[in-house]
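This report refers to the structure that appears directly beneath it.
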Protein chains: 2
Amino acid sequence: MTDEKKPRRRPRSDGQRNRTNLLNVAKAAFTAGETDIPLDEIARRAGVGIGTLYRHFPNRDALIEAVYRAELDRLADAAPLLAAQHPPVEALRAWMRLFVDYIAAKLVIAPALNGLAGGTGTLYAQSGTVLQSAIDGLVAAAVASGDISADIEPVDLLRALAGVSNYAAGPGWETSAKRLVDILIAGSRVSTS
Amino acid sequence: MTDEKKPRRRPRSDGQRNRTNLLNVAKAAFTAGETDIPLDEIARRAGVGIGTLYRHFPNRDALIEAVYRAELDRLADAAPLLAAQHPPVEALRAWMRLFVDYIAAKLVIAPALNGLAGGTGTLYAQSGTVLQSAIDGLVAAAVASGDISADIEPVDLLRALAGVSNYAAGPGWETSAKRLVDILIAGSRVSTS
DNA sequence: TTGTTAAACGGAGCAATCCTCCGCATATAT
DNA sequence: ATATATGCGGAGGATTGCTCCGTTTAACAA
């Protein structure tokens with residue numbers, strides 16, 4: 001497997017520009033709830049040909065994943081920052097709330113995302129990792145400080161949060177989601193019984 | 001709104017039979033992970049014409065919802081049964097575990113289901129109610145017995161469980177899901193701090 | 001049993017969408 | 001200025017969702 005990268009040339013500037021254009025347009029569309037928008041339409045709005053879209057993103061799922069990944073990376077990056085500013089348990093809570101805020105900010109990538117899950121589930125395996133490591137650190141710190149139980153698996157919390165994004169509809173869902181965060185925190189503490 | 005039903009005749013037997021046939025075939029296909037199966041194929045496997053499928057279910061989403069609803073009803077029906085057999089908190093825990101089991105039994109209707117959420121979200125509003133009332137009863141009993149906090153909104157727990165179904169992939173997901181149930185129960189108890 | 005009628009059936013065909021293919025244009029490097 | 005690899009663009013084949021309407025058949029009455 002000689003998998004070496006040989007960048008004989010620098011990547012072309014127009015290519016980069018078109019790529020980010022496509023991502024922005026797609027993100028805007030998905031955010032606006034137009035999850036079933038034809039790909040031709042996305043290409044048109046971005047001012048490129050359909051062929052260009054398909055070169056950058058070989059199929060619909062790849063495009064969705066790319067949009068999704070970009071946002072998740074930003075969310076993941078917030079974790080170490082919060083860890084530096086708050087005591088462990090509060091950092092964890094804050095991050096989970098941030099997760100909720102992301103969904104509230106109409107960055108509802110979840111629905112689009114879930115369409116993929118039906119296929120292989122590989123998307124989660126890939127994209128999940130950045131969130132995974134983000135929350136891993138937060139939980140590890142809280143365990144180390146003796147605040148929450150060592151039995152807690154970070155992925156459990158992630159699953160719960162993911163669920164929120166699906167039910168993210170109807171009035172009052174946001175307060176409900178934040179209550180859930182508190183329940184999760186309370187349930188994760190070292191047993192006081 | 002004269003919304004009266006005038007069943008001038010009894011429903012035709014072949015109609016009923018074809019309808020259940022379609023539901024069974026669709027359920028089998030979705031369960032097997034073929035969420036993207038063409039509707040023509042479903043009709044073929046059920047031994048009916050495509051037109052028949054579309055009369056019973058006006059579009060793909062309607063078919064998915066019908067499959068989904070049938071399973072959810074069964075899950076909801078289990079709630080009062082469990083309530084009669086266990087103390088309140090344990091009944092709640094048992095029901096939530098049953099929820100997990102349903103997903104484990106490859107009744108993964110969730111992925112298909114989530115595809116719809118992107119649209120209007122009305123599906124959740126409709127189908128969610130049967131689960132809602134099921135868990136409402138369980139929680140109310142647990143609150144009444146003084147075991148869990150009155151602040152708990154049942155829907156919060158439902159959201160979390162729904163999340164599990166999305167992340168239902170990879171080895172060990174099931175134990176993770178059951179751990180989550182325990183966390184939720186622990187977090188819902190009357191605060192001991 | 002036989003006739004009548006409303007209900008259900010079935011599949012050809014239209015429209016929309018996904019994605020491929022390949023000749024053309026342009027940015028990069030010499 | 002020239003060469004060439006990289007990226008662009010859109011026509012078109014294949015697939016799928018859904019509609020429409022003539023034909024078939026089960027339910028009911030006499």
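Computation of the quantities below employed the complete heavy-atom set of this structure, encompassing side-chain atoms and omitting hydrogens, waters and symmetry-equivalent molecules. Numbered from 1 within each chain, the chains take letters A, B, ... in sequence-line order.
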Is any side-chain nitrogen or oxygen of [X] closer than 4.0 Å to OP1 or OP2 of [N]?
X: A/Arg60; N: C/dC19; result: no
X: B/Arg55; N: C/dC9; result: yes
X: B/Asn18; N: C/dA8; result: no
X: A/His56; N: D/dC8; result: yes
X: B/Ser13; N: D/dA26; result: no

Within this structure, what is the [atom1]-to-[atom2] distance between [X] and [N], rounded to whole angstrom?
X: B/Tyr54; N: C/dC14; atom1: OH; atom2: C1'; value: 13 Å
X: A/Phe57; N: C/dT20; atom1: CZ; atom2: C1'; value: 18 Å
X: A/Leu63; N: C/dT17; atom1: CG; atom2: C1'; value: 15 Å
X: A/Arg17; N: C/dT26; atom1: CZ; atom2: P; value: 12 Å
X: A/Arg19; N: D/dT6; atom1: CZ; atom2: P; value: 17 Å
X: A/Leu53; N: D/dG9; atom1: CG; atom2: C1'; value: 12 Å
X: A/Ile64; N: C/dC18; atom1: CD1; atom2: C1'; value: 13 Å
X: B/Asn59; N: D/dT16; atom1: CG; atom2: P; value: 18 Å

Carboxylate-amine/guanidinium proximity below 4.0 Å for A/Asp156 and B/Lys178: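 Salt bridge: no.
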| message | With nearest nucleotide decided by heavy atoms, which residue, B/Asp14 or A/Val48, maps closer to the 5′ end of DNA chain D? | response |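 That would be A/Val48.
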Quiz question: going by heavy-atom distance under 3.5 Å, is there a donor-acceptor pair between the base of C/dA7 and the side chain of B/Arg12?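 Present.
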[Y] side chain reached by [X] side chain, heavy atoms, under 4.5 Å:
X: B/Thr175; Y: A/Glu153; value: no
X: B/Glu41; Y: B/Arg44; value: yes
X: B/Val48; Y: B/Asn21; value: no
X: A/Ile148; Y: A/Val139; value: yes

DNA chain C: 5'-proximal contact among A/Ile37 and B/Gly15 (nearest heavy atom) |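 Here B/Gly15 is the residue nearer the 5' end.
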Touch class at under 4.0 angstrom, heavy-atom based, for B/Ile50 against every strand present
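Touches a base.
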task = Would you classify A/Gly51 as touching base, sugar-phosphate or nothing, given that sugar-phosphate means primed atoms plus P, OP1 and OP2, and contacts are heavy atoms under 4.0 Å?
result =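 A/Gly51: base contact, heavy atoms under 4.0 Å.
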